[in-house]
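Read through the structure below, which is laid out as structure tokens, and then see the notes.
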Amino acid sequence: MCICVNCEYVDRCMTYHAVETQHQQPNLTENPNFEPNEPSINVNIRPTNDVIEMEWDVVGCLSFKEEKGKWSKLRPGELVPT
Ligand code: SF4
């Protein structure tokens with residue numbers, strides 16, 4: 001799971017914005033203005049029949065600042081992206 005969903009910067013962060021775009025998810029913001037310090041992204045590649053699924057997860061980041069449930073607070077009632 002992406003650590004960003006519990007990070008204070010999730011709705012401003014350029015890297016999380018790129019991850020949302022890769023997952024074809026609606027963006028929390030159209031204008032991210034926070035550039036994180038050394039995010040590490042884990043890319044899982046899953047070939048299924050005709051398509052290759054790619055899953056991007058931020059697994060480490062020097063800028064990570066814990067705010068538990070930040071994503072859920074912004075999108076109450078929605079399923080937290082995994
Ligand atoms: S953990 Fe890093 S990449 Fe993820 S939202 Fe926070 S600052 Fe951005």
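Whatever order the structure lists ligands and atoms in, that order sets their numbers, starting from 1.
There is a path of hydrophobic side-chain contacts, each under 4.5 Å, that joins Phe64 to Val58. Both Val5 and Val10 sit in one connected hydrophobic cluster of ILVMFWY residues. Membership requires side-chain heavy atoms under 4.5 Å apart, directly or through other members. In the hydrophobic cluster analysis, where Ile, Leu, Val, Met, Phe, Trp and Tyr join through side-chain heavy atoms closer than 4.5 angstrom, Ile45 is grouped together with Val19.
Near Cys61, meaning under 4.0 Å from any of its heavy atoms, are these atoms of ligand 1: 1 (S), 2 (Fe), 3 (S), 7 (S). With ligand atoms numbered from 1 in the order given, ligand 1 contributes 7 (S) to contacts under 4.0 Å with heavy atoms of Phe34.
Proximity annotation for atom 1 (S) of ligand 1: of Trp71, Phe64, Tyr16, Phe64 comes nearest, heavy atoms only.
At a threshold of 2.8 Å, atom 8 (Fe) of ligand 1 has a backbone or side-chain N, O or S atom of Cys13 nearer than that distance.
Atom 6 (Fe) of ligand 1 has as its closest protein heavy atom Cys7 SG, 2.4 Å. Atom 4 (Fe) of ligand 1 has as its closest protein heavy atom Cys4 SG, 2.3 Å.
Ionic pairing of Lys68 and Glu66 is present here: one or more N-O contacts between side-chain nitrogen and carboxylate oxygen are shorter than 4.0 angstrom.
Distance check: Gln22 CD to Glu55 CD gives 11.5 Å after rounding to the nearest 0.5 Å.
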